[in-house]
Amino acid sequence: MAKESKKMKPIWFFVGLILLIMGGVIFLAGIYSLSFGTKEITVFAKLHPNIWWGGFMVVIGLIFLVANKNATVD
Amino acid sequence: MQAIGLSFFDWVIILVYFAFVISMGFYLKRYTRSEEDFFLAGRRSSSWVAGLAFLSANLGALELLGMAGNTYKYGMYVAHFYWIGAIPAMLFLGIFMMPFYYSGRIKSVPGYLKLRFDEKTRVLNGAAFAIMTLLVSGINLYAMALVLHTFVGWNWDVSMWASALTVAVYVALSGLMSAIFTEIIQFFLIWFGLFLVSVLGIVEIGSLHEIFNRIPEAYSKLWSTSGDPTQNGMMITWAGIVLGLGWVLSFGYWTTDFLVVQRAFSAKDLRSARMTPIIASFFKMAVPFLVIVTGLIALALSRDASSGFHLMTEGGKVNYDSALPMLIARYYPTGLVGLGITALLAGFMAGQAGNISAFNTVWTYDIYHAVINKKASPTHLLWMGRVATVAGIFFSVLTAYWAKSMPTIMDYMQAIFSWVNAPLFATMLLGMFVKRITPDGAFWGLITGMASSFTMFIGVKFNWISANWLTLSKVSSDMAANFWRAWWAWLICFVVTIAVSLFTKKKPDEELAGLVKGLTKEVSLEDVPWYKKPAFYAVLSLIAFIILNIYFW
């Protein structure tokens, strides 16, 4: 078991991890702007692209993480 | 122009990226035990890992900014860099050249030259590549600091040192393995960070078709205006595009530049190595949907006064590279701005890591081990690889300061690939496919080709000769001169190599086994199903390439 835990995780696991973390932060940024308002004026500000794009990144990140949670590189 | 403001969330995204890549370096160090782990990522990459790294090593942030800006300036012609300027060469590498590279179990492109020709050709190419790589790495570092200073308002020294030291840490810890890992992370960050710009731009204007309707016709065509150089923004004919870009510059870069080819060397077997550039070709064809579409959106918006969109100007001169950052500022709210900036940072740093990992390999094997210390042990070479990484970063930083004090050096850098890679492609092509080519022929052909390319560049730069002599037309742009210079340098190297080979001694056939067509055993793929064969995917890629060229003709 100890030997097994030393095997390298595949890159796809780390891709999932960073997409999950960054997507989560972007999603939270969108929720914060929606809740407390924002001074920034961007085209499509009313569509809150940070909420749905952040959410999309979280979903993709989770898919990569779950698909590779037990995978190792020989 | 006011710099793009960053919120708390944007800073969190950027800091997460820095912490993540440094952590990757420490994590991967545990698995970097031998020189093969450090220099070739243990030769265990799948074709997908190697393929995405192959593409990402080339997909730097300077390219993203520069090509979006060039599209604003030249229109659809910039797509030639991604299609005819890449796809045929990548497929040729995968199908025809990779067996010679991979079968020899060589560690670098100069290493192939040693086996096929001799030590002097290897050292010549190794030294030229090492110098070129460090110069490009330093110039990129300078350009990155300039971009971050201009668009985000960051301190020049802080942004340069922070990214250089981060790259030094993770590449010194685990070499090519960490470079490949971060290149793949960068691939995803670039797509997630920048694709939304294209999507929102298309939504704002209405459709892709409407974007083309809003720009001049000469900017929306790929080939139909190439018969007359006065009819297209790049001022070039189809012959210049096909011979200079599509043949010499493209094949010279994609099939011989160790920075990209090194990723294929990390593949776990020959089939994966052959699939590496073929998989990359599909994604390469898609990159215009990031950069070309972005440039066209910026062009379309700037022609509509009611949009309020315009590029940055400095001293009355338009800064074309600002097209992408201006669109990020236009569309991205808090959080997404951090992602967009991180995508650019990741592109810069992955490009830096790619240059340094290629440099440390060529320095260690093709200069240090070949000339300075022939008896070095594998452990010593691993140590030397780490030392070369830190030293390479140090010289890159020095080059960056040099570039800062002399910005005109940027003009020279744009031409450097045609000095080194264009003639090298003639040497490799003849070396792999003609067994009569001799070591002396290759050496003198390479030297003559490099010298002629440099001389033509200097000649045009200082008005000793007209660029129109090179381009064979009455009008020409810098880019057209660059394409044609590459063609002439290739042709000179090709002719001199053959001529000298006719009068000098060739290597015995038994020494060329596995290195030259006709003396290399063909690897049978009969037991591999058709849908797993590299040739099948190469044909699919070629079909997609033809369709894109016809659609945007």
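Note: hydrogens, waters and symmetry copies are ignored here, and every other heavy atom, side chains too, is used. Residue numbering restarts at 1 for every chain, and letters A, B, ... go by the order of the sequence lines.
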* Is the gap between the ring centers of B:Y27 and B:F181 under 6.0 Å? -> no
* If you take all heavy atoms of A:M57 and A:M22, which pair is closest and at what distance? -> CE-CB, 4.1 Å
* **Which atoms of A:L47 approach chain B - backbone, side chain, both or neither, heavy atom under 4.5 Å** => neither
* Determine, using ring centers only, whether B:W191 and B:F188 are less than 6.0 Å apart. => no
* For chain A, find which of B:G338, B:P333, B:G335 contributes the most heavy-atom pairs closer than 4.5 angstrom. => B:P333
* With B:D304 as reference, evaluate B:S307, B:S302, B:S306 under the side chain to side chain donor-acceptor pair (under 3.5 Å) test and give the passing residue. => B:S306
* Structure fact -> The reported gap from CD1 in B:I356 to CG in B:L176 (rounded to nearest 0.5 angstrom) is 13.0 Å
* A:I11 portion near chain B, given a 4.5 angstrom heavy-atom threshold -> both
* Side chain / backbone / both / neither for A:F56 at chain B, heavy atoms under 4.5 Å -> side chain
* Heavy-atom check, side chain of A:V43 versus side chain of B:Y331, under 4.5 Å -> yes
* Structure fact -> Among residues 7-16 of chain B, residues within the sub-4.5 Å heavy-atom range of chain A, in order of number, are B:F9, B:V12, B:I13, B:V16
* Working to the nearest 0.5 Å, report the span between CG of B:L327 and OH of B:Y332. => 9.5 Å
* Structure fact -> Shortest non-hydrogen pair, B:F265 vs B:L40, comes out as CB-CD2, 3.7 Å
* Structure fact -> Value for CG (B:L28) from CE (A:M8), rounded to nearest 0.5 Å, stands at 6.0 Å
* Asked: Atom CD1 in B:I297, atom CZ in B:F309: separation rounded to 0.5 Å?
  -> 9.5 Å
* In terms of heavy-atom proximity below 4.5 Å to chain A, should B:F20 be classed as side chain, backbone, both, or neither? -> side chain
* Structure fact -> The residue among B:F54, B:F289, B:F187 that forms ring pair (Phe, Tyr, Trp, His ring centres under 6.0 Å) with B:F283 is B:F187
* To do: Can you check whether anything in residues 196-207 of chain B gets within less than 4.5 Å of chain A, heavy-atom wise, and list it by number?
  => B:L196, B:L200, B:V203, B:E204
* Structure fact -> So, the part of A:F14 with a heavy atom under 4.5 Å from chain B: the answer is both
* To do: List the atom of B:R44, the atom of B:Y31, and the distance in Å for their closest heavy-atom pair.
  => NH2-O, 3.4 Å
